[in-house]
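By convention in this document, chain letters (A, B, ...) are assigned in the order of the sequence lines, proteins followed by strands, and residues within each chain are numbered from 1. Every heavy atom of this structure was used, including side-chain atoms; hydrogens, water molecules and symmetry mates were not. Quantities reported herein were computed from a predicted structural model and do not represent experimental measurements.
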There are 2 protein chains.
Amino acid sequence: MADTLANPKPETDRRTRILDAAEALFSHKGYDAVSLREIARLADVDVALASYHFGRKRELFDAVFLRRAEVLNRMRLDALDRAEAASAPEPAPVEAVIQAYLRPLLTGDHLAEEGWRNYYALVAYVNNSSDLGGELMSQFFDPMVERFMAALKAALPDARPEALYWGYHCLSGALTLAFAQTGRIDRLSRGLCRSEDLEGAYAHIHAFAVGGFERACGSRS
Amino acid sequence: MADTLANPKPETDRRTRILDAAEALFSHKGYDAVSLREIARLADVDVALASYHFGRKRELFDAVFLRRAEVLNRMRLDALDRAEAASAPEPAPVEAVIQAYLRPLLTGDHLAEEGWRNYYALVAYVNNSSDLGGELMSQFFDPMVERFMAALKAALPDARPEALYWGYHCLSGALTLAFAQTGRIDRLSRGLCRSEDLEGAYAHIHAFAVGGFERACGSRS
DNA sequence: GTCTATACGGCGATAGAC
DNA sequence: GTCTATCGCCGTATAGAC
């Protein structure tokens, strides 16, 4: 269609600049503390351009939230596929399922990018928001989560279904609190643990969740 | 001092009405989405009265946060005292420590009160807020938490200290996500679990946390 | 002390002109 | 696609009534 390829660096799309600016601001200050003017200023575009591209403020927020959610879902589902393939025809063990859920997010090169750090803080904010949390998280993540629930059920066949759902709830809460990187664990541990160190947190959260699922969901392994 | 006792119901203090209104609004909409005018309207007082009693908006927020934090801290510390007394001279086992942390909050008559429900949602919001979370939670809860960390350390003497702090992080994340009552688990479980059912959640979160600490913190029990 | 009425400077969201 | 104008609400300060 377009022959705009002539321009080697298509000038970092103004639309993308708006998304980036919105992501950075929303993640640090939450939804309501951020204004469209502020986003426009940071993106170096006119105020009204955000509305032109995305509609209302809330729709811009959703667009920000969606953009990287799709990437995360793919990373996790790929990891789950690999874990299931590795143990086939047996179901993947609970350690491997939880690893597939956590590891693609808590380790890897993308952690160095500020955009991803920002996005994680945004997910933390949304997940624990009593008015946005249920709706947005379900909308963007639950199809992926349902595959993990099935894998957990296969790994823990003796579990009562409620225990599996509450187990996922605990895992989700632990992970997203880490995403918030509030610095609280730094203070509590007097510097021994650092909330910026998501890679270091991975092993701890993984071990905790495995132990939690095994105890709460009645593994007889 | 005062002989205002003559009035049987001292008309529900305007100051308290402001706190109640602020709590209800902050907990449902977060900090920035709420205006002082809205709070005053709900409390049926003049706008300026909030400033008169509490100063800046942020100071009102802190007052709301503090009011019930003190009650929670006392409930938990009393429960921990009882658990330690019950197992003396041995240290309280990890099950009992986690029970003392969770049970006073997740069970009891106060759960029927809307004010407490609102407050829990507020704690969920604050704990996962990347800018308020570290500061506010540490300020109001960490002295209490440090006694629990000591009890956990005594119960799990083989644990590495980092593992204990990350274990607490996981427990805190799981609990505060439950506080948010987002309705997400209802959707994910297709009605099998209900996020309003904090009493029902208690046993699941307790079991998960005990298993998590035992695995991640190397109990050899 | 406790409370009300009002005023001020500022900014965000949106509609409509260009 | 871009910008300008408008409108209403925001947090806060203050002067003074009870």
Side-chain angles (χ1 to χ4, degrees), chain A residues 1-7 9-65 122 125 131-132, chain B residues 1-7 9-65 67 122 125-126 129 131-132 136:
Chain A
M1 321 232 147
D3 54 336
T4 52
L5 297 175
N7 190 341
K9 180 196 168 201
E11 78 147 348
T12 322
D13 202 346
R14 284 149 101 98
R15 194 174 184 281
T16 305
R17 290 216 311 272
I18 293 171
L19 279 176
D20 290 339
E23 181 176 75
L25 291 168
F26 283 141
S27 66
H28 283 116
K29 318 212 282 179
Y31 178 73
D32 295 286
V34 175
S35 72
L36 290 177
R37 286 179 134 88
E38 202 178 354
I39 293 168
R41 221 176 292 136
L42 184 60
D44 197 31
V45 301
D46 188 88
V47 202
L49 192 61
S51 306
Y52 171 73
H53 279 301
F54 299 98
R56 337 263 292 189
K57 181 182 178 188
R58 173 56 196 270
E59 294 173 290
L60 170 58
F61 185 83
D62 287 358
V64 167
F65 200 73
L122 188 65
Y125 167 79
D131 62 336
L132 296 175
Chain B
M1 315 232 152
D3 54 336
T4 51
L5 296 175
N7 191 340
K9 181 195 166 200
E11 77 144 349
T12 321
D13 203 344
R14 287 150 99 98
R15 200 187 129 96
T16 305
R17 290 217 309 272
I18 293 171
L19 280 176
D20 290 340
E23 182 176 76
L25 290 168
F26 283 141
S27 66
H28 283 116
K29 318 211 284 181
Y31 178 75
D32 295 286
V34 176
S35 71
L36 291 176
R37 293 176 143 84
E38 200 178 355
I39 293 168
R41 221 176 295 136
L42 184 60
D44 196 30
V45 300
D46 189 87
V47 202
L49 193 61
S51 306
Y52 169 73
H53 279 299
F54 299 99
R56 338 262 292 189
K57 181 183 178 185
R58 173 56 196 269
E59 293 173 290
L60 170 59
F61 185 83
D62 287 358
V64 167
F65 200 73
R67 180 171 59 156
L122 189 64
Y125 167 79
V126 169
S129 155
D131 62 336
L132 296 175
L136 269 185

Please enumerate all residues that pass salt bridge (charged side-chain N to carboxylate O under 4.0 Å, His left out) together with R41(B), with sequence neighbours excluded.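 Applying salt bridge (charged side-chain N to carboxylate O under 4.0 Å, His left out) to R41(B) gives none.
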Under a 4.0 Å heavy-atom cut-off, which of residues 32-40 of chain A touch DNA chain D?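 Heavy-atom cutoff 4.0 Å gives no residues at all.
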Counting only heavy atoms and a strict 4.0 angstrom limit, can you tell me which residues of residues 42-50 of chain A come near DNA chain D? D46(A), A48(A), L49(A)
Apply side chain to side chain donor-acceptor pair (under 3.5 Å) to [X] and list each qualifying residue two or more places apart in sequence or on a separate chain.
X       : answer
S129(B) : D131(B)
R37(A)  : none
E38(B)  : K29(B)

Could you walk me through whether I39(B) and L60(B) satisfy the side-chain contact (heavy atoms from CB on, under 4.5 Å) test, starting with their C-alpha distance in whole Å, then the side-chain angles of each, then the deciding distance to 0.1 Å, before giving a yes or no? CA-CA 11 Å; I39(B) 293 168; L60(B) 170 59; 3.9 Å; yes
Do [X] and [Y] touch side chain to side chain, with heavy atoms closer than 4.5 Å?
X       : Y       : value
F26(B)  : D32(B)  : no
Y125(A) : Y125(B) : yes
D20(A)  : V64(A)  : no

Rounded to the nearest Å, what distance is computed from the CZ atom of residue R41(A) to the P atom of nucleotide dG10(C)?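 Taking CZ of R41(A) and P of dG10(C), I get 14 Å after rounding.
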Are the side chain of S27(B) and the backbone of E23(B) linked by a donor-acceptor contact shorter than 3.5 Å? yes
Donor-acceptor pairs under 3.5 angstrom involving side-chain atoms of residues 44-57 of chain A: please list them, not counting sequence neighbours.
| residue | atom | partner | partner atom | Å |
| --- | --- | --- | --- | --- |
| D46(A) | OD2 | A48(A) | N | 3.0 |
| K57(A) | NZ | Y31(A) | O | 3.2 |
| K57(A) | NZ | V34(A) | O | 2.7 |

Under 4.0 Å from a heavy atom of chain B: give me the 5'-most and 3'-most nucleotides of DNA chain D that qualify. dC10(D) to dT14(D)
